[in-house]
Amino acid sequence: EQRANFRIVAVLLGGTLLLTSLVAKQLIPGPFHGDLLALLAALLLGGPIVVHAAAGMVRRARGGSSHMEELVGLAVLAAFCSGQYVESGAIAFFMLLASFIEHRTAVGARASIESLIRLAPQRAAKLTADGEVEVNAQDLLPGDRPGGCAVAYLRQWVLPTVACLTRARALLEGFDAERPRTAVCT
């Protein structure tokens, strides 16, 4: 958590330096101030990406797979070496921003899946030759016949929906432009 907070602060600081360099280039004559701020932003934002990309290239040389970060690291390094510090910092900034968004999305999806798993019932009704028996839900096997609420749910919602879709499909397949029909599902 503390490392993530540090990375967020570093990205915000680097983005601020990058914007400040653009403003400085417009307001202060001469390239020194704007380029110095852009150089600092490129180092702060691009440094970790280039180090991570170099480690990825070493892994790839040993038989691993390549990733997008390696190409971005090369782009950041190429822009930096050619003196395009603003471009180097901007590439790194947007890469890090996309990485944060991707990470946040993955964390949210993981939390949603975990909450759905917690909602799953622990007990289930199963139809056997002796009648309906309550069992642990994890003990159900493919081919077991559900009982209780599952049967009522199937009768009330699933089967009528399938029947309605079947009727609608039949109407669409036999559609006559001169005699339009509508599907009525009850």
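Here the structure is a predicted model, which is why all the values come from computation and not from measurement. The figures that follow rest on heavy atoms only: side chains count, while hydrogens, waters and symmetry mates do not.
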According to a hydrophobic-cluster definition based on side-chain heavy atoms being under 4.5 Å apart (Ile, Leu, Val, Met, Phe, Trp, Tyr only), do [X] and [Y] belong together?
| X | Y | value |
| --- | --- | --- |
| Y85 | V23 | no |
| L96 | L74 | no |
| L12 | F93 | yes |

Handout entry: Among L40, L18, I8, L44, the one residue meeting side chain to side chain contact (heavy atoms under 4.5 Å, CB included) with L13
Key =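 Only one of L40, L18, I8, L44 forms a side chain to side chain contact (heavy atoms under 4.5 Å, CB included) with L13, namely L44.
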
Taking all non-hydrogen atoms of both residues, which atom of [X] and which atom of [Y] are closest, and how far apart?
| X | Y | value |
| --- | --- | --- |
| A53 | G73 | CB-CA, 3.9 Å |
| A79 | S82 | O-OG, 3.0 Å |
| E70 | R60 | OE1-CD, 4.1 Å |

[atom1]-[atom2] distance between [X] and [Y], expressed to the nearest 0.5 angstrom:
| X | Y | atom1 | atom2 | value |
| --- | --- | --- | --- | --- |
| L45 | F94 | CG | CZ | 10.5 Å |
| S99 | R104 | OG | CZ | 14.0 Å |
| I91 | Q84 | CD1 | CD | 9.5 Å |
| E69 | H52 | CD | NE2 | 4.5 Å |
| L17 | L36 | CG | CG | 9.5 Å |
| L71 | M95 | CG | CE | 9.5 Å |

Practice task
Check whether any side-chain heavy atom of R110 sits under 4.5 Å from a side-chain heavy atom of V107, and report yes or no.
Solution key: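 They are in contact (side-chain heavy atoms under 4.5 Å apart), so the answer is yes.
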
Practice task
Could you tell me whether the side chain of V72 reaches within less than 4.5 Å of the side chain of I49, counting heavy atoms only?
Solution key: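 Yes, at least one pair of side-chain atoms sits under 4.5 Å.
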
Practice task
Go through the steps to decide whether R7 and F100 satisfy the test side-chain contact (heavy atoms from CB on, under 4.5 Å), and finish with yes or no.
Solution key: CA-CA 10 Å; R7 288 183 65 202; F100 286 141; 3.9 Å; yes

Problem - S88 (side chain) donor-acceptor with V76 (main chain) under 3.5 angstrom - result: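 Yes, S88 side chain to V76 backbone: donor-acceptor pair under 3.5 Å.
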
Exercise for the section: Name all pairs fulfilling the salt bridge (Lys or Arg N to Asp or Glu O under 4.0 Å) condition that reach into residues 8-29, sequence neighbours left out, sorted by first residue then second. Expected result: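 Non-adjacent pairs meeting salt bridge (Lys or Arg N to Asp or Glu O under 4.0 Å): K25-D35.
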
Exercise for the section: Show the numbers, then the answer: is there a side-chain contact (heavy atoms from CB on, under 4.5 Å) between F80 and L43? Expected result: CA-CA 9 Å; F80 187 86; L43 288 173; 3.7 Å; yes

